[in-house]
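The next block holds one structure in the form of structure tokens; read it before the comments.
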Amino acid sequence: LMRNEQTIMHAPVPASQPAFKGITRPVLVSAVLFMLVTGLAYPLATTGVANLLFPNQAQGSLIIKDGRAVGSRLIWQYFIKPEYFHSRPSVTSGTDPNDPSKTVDQPYNAALSAANNQGAISKKLLDAVAERAKAYREENGLAADAVVPVDAVTASGSGLDPDISVANARLQAQRVAKARGLSTEDVLSLVDQHTTGRQFGLLGDPRVNVLELNLALDAAAHSRRAAQ
């Protein structure tokens with residue numbers, strides 16, 4: 001028994017092991033593996049499948065005219081001339097040129113999609129809506145008490161909505177027709193042709209893509225001039 005105790009007492013004590021010894025290699029291998037899978041293989045696979053099944057959407061839903069991209073069906077374009085239909089208001093912001101640490105109102109800034117997050121009782125929102133409604137009525141030759149579509153005086157959640165309601169488009173039709181020397185009926189016909197119904201017949205509301213409608217107006221004007 002004494003000999004056994006001496007043997008135990010004089011047995012070599014293993015040196016303390018570094019905390020990370022033995023796991024460094026698995027950690028590095030796992031990091032590289034997941035980087036390749038999630039950062040390279042997965043994006044390439046999803047992009048490839050998207051381009052195969054939905055090539056137009058995968059490329060940004062671009063609208064091509066005369067061989068070049070003129071815009072996307074998914075993002076508004078800022079039209080201000082009376083001969084064009086106008087998009088919804090926008091409340092996006094941008095960097096203050098005088099102080100890069102601050103932001104200022106910069107409507108229709110596609111680089112910073114955002115909403116204003118103002119509540120229904122916000123005085124700033126109510127004042128802005130009243131001002132937009134007044135400008136909308138004056139711009140489109142409407143009576144001072146005419147009902148204005150809500151999308152004509154409020155911004156969308158993204159601030160970059162490419163569509164307007166059918167009611168909004170039809171109220172703008174007379175102004176556009178007058179500016180282009182067309183009949184209101186011809187312009188309304190184009191509105192009807194570029195109206196998209198509810199998705200699956202249930203979701204959302206009928207809508208009109210502003211960019212596509214304005215391009216159709218330009219095409220109609222070009223055809224009219226060519227015929228003359």
Side-chain angles (χ1 to χ4, degrees), residues 71 73-93 105-110 113-199 201-225:
R73 293 180 179 84
L74 304 179
I75 299 179
W76 64 269
Q77 286 198 18
Y78 189 26
F79 294 97
I80 58 174
K81 294 182 178 180
E83 61 264 34
Y84 289 109
F85 286 86
H86 298 168
S87 302
R88 295 184 64 171
S90 172
V91 293
T92 56
S93 60
D105 291 340
Q106 194 175 95
Y108 306 102
N109 178 14
S113 171
N116 58 23
N117 295 322
Q118 294 170 345
I121 60 174
S122 166
K123 185 178 185 304
K124 184 177 180 181
L125 175 61
L126 295 175
D127 290 344
V129 167
E131 183 178 344
R132 292 168 186 161
K134 180 182 178 181
Y136 184 88
R137 293 185 181 107
E138 292 175 351
E139 179 180 64
N140 294 290
L142 304 177
D145 59 349
V147 176
V148 175
V150 66
D151 66 297
V153 294
T154 57
S156 65
S158 67
L160 306 174
D161 196 336
D163 303 318
I164 57 176
S165 67
V166 177
N168 189 351
R170 294 184 73 85
L171 285 176
Q172 295 187 53
Q174 186 173 359
R175 163 180 55 80
V176 173
K178 182 179 179 180
R180 287 182 175 267
L182 299 172
S183 69
T184 303
E185 290 73 19
D186 287 342
V187 175
L188 287 174
S189 176
L190 284 174
V191 170
D192 292 338
Q193 292 173 32
H194 290 82
T195 296
T196 302
R198 301 174 188 272
Q199 189 173 22
L202 298 171
L203 305 178
D205 291 311
R207 59 199 183 277
V208 180
N209 187 285
V210 176
L211 177 56
E212 290 184 325
L213 178 56
N214 285 335
L215 288 174
L217 280 168
D218 285 343
H222 178 75
S223 299
R224 184 184 180 193
R225 288 194 299 268

Q. For Lys124, which residues count as a salt bridge (charged side-chain N to carboxylate O under 4.0 Å, His left out) partner, sequence neighbours excluded?
A. none
Q | All side-chain hydrogen bond (donor to acceptor under 3.5 Å, both in side chains) counterparts of Gln174, not counting sequence neighbours | A | none
Q: Using the test side-chain hydrogen bond (donor to acceptor under 3.5 Å, both in side chains), find all partners of Gln193 that sit at least two apart in sequence or belong to another chain.
A: Ser189
Q | Tyr84: partners by ring-ring contact (aromatic ring centres under 6.0 Å, His included), with sequence neighbours left out | A | Phe79
Q) salt bridge (charged side-chain N to carboxylate O under 4.0 Å, His left out) with Asp218: which residues, sequence neighbours excluded? A) Arg180
Q) What residue pairs, at least two apart or across chains, pass salt bridge (Lys or Arg N to Asp or Glu O under 4.0 Å) with a residue in residues 151-162? A) Arg88-Asp161
Q) Among Val166, Leu190, Leu213, which residue meets the side-chain contact (heavy atoms from CB on, under 4.5 Å) test with Thr195? A) Val166
Q | All side-chain hydrogen bond (donor to acceptor under 3.5 Å, both in side chains) counterparts of Ser90, not counting sequence neighbours | A | Thr92
**Q.** Glu131 atom CD, neighbour heavy-atom count above 12 within 6.0 Å
**A.** no
Q.
If you define the side chain from C-beta out and look only at heavy atoms, does anything of Asn214 sit under 4.5 Å from Gln77?
A. no
Q | Any residue meeting salt bridge (charged side-chain N to carboxylate O under 4.0 Å, His left out) with Asp145, in chain and number order, not counting sequence neighbours | A | none
Q | Partners passing side chain to side chain contact (heavy atoms under 4.5 Å, CB included) against Ala128 (at least two apart in sequence or in another chain) | A | Arg132
Q.
Which residues pass the salt bridge (charged side-chain N to carboxylate O under 4.0 Å, His left out) test with Glu212, not counting sequence neighbours?
A. Arg73
Q.
Run the side chain to side chain contact (heavy atoms under 4.5 Å, CB included) test against Val129 and tell me which residues pass, sequence neighbours left out.
A. Leu125, Val153, Thr154
Q | Shortest non-hydrogen contact from Phe85 toward Ala169 | A | CE2-O, 3.0 Å
Q: With sequence neighbours left out, write down each residue that passes side-chain hydrogen bond (donor to acceptor under 3.5 Å, both in side chains) with Arg137, or none if nothing qualifies.
A: none
Q) What are the two closest non-hydrogen atoms of Ser165 and Pro149, and how far apart are they? A) OG-CB, 4.0 Å
Q: Please report the shortest heavy-atom distance between Arg175 and Glu139, naming the atom on each side.
A: CD-O, 3.3 Å
Q.
Tell me whether Ile80 at atom CD1 has more than 12 heavy atoms from other residues, nucleotides or ligands lying less than 6.0 Å away.
A. no
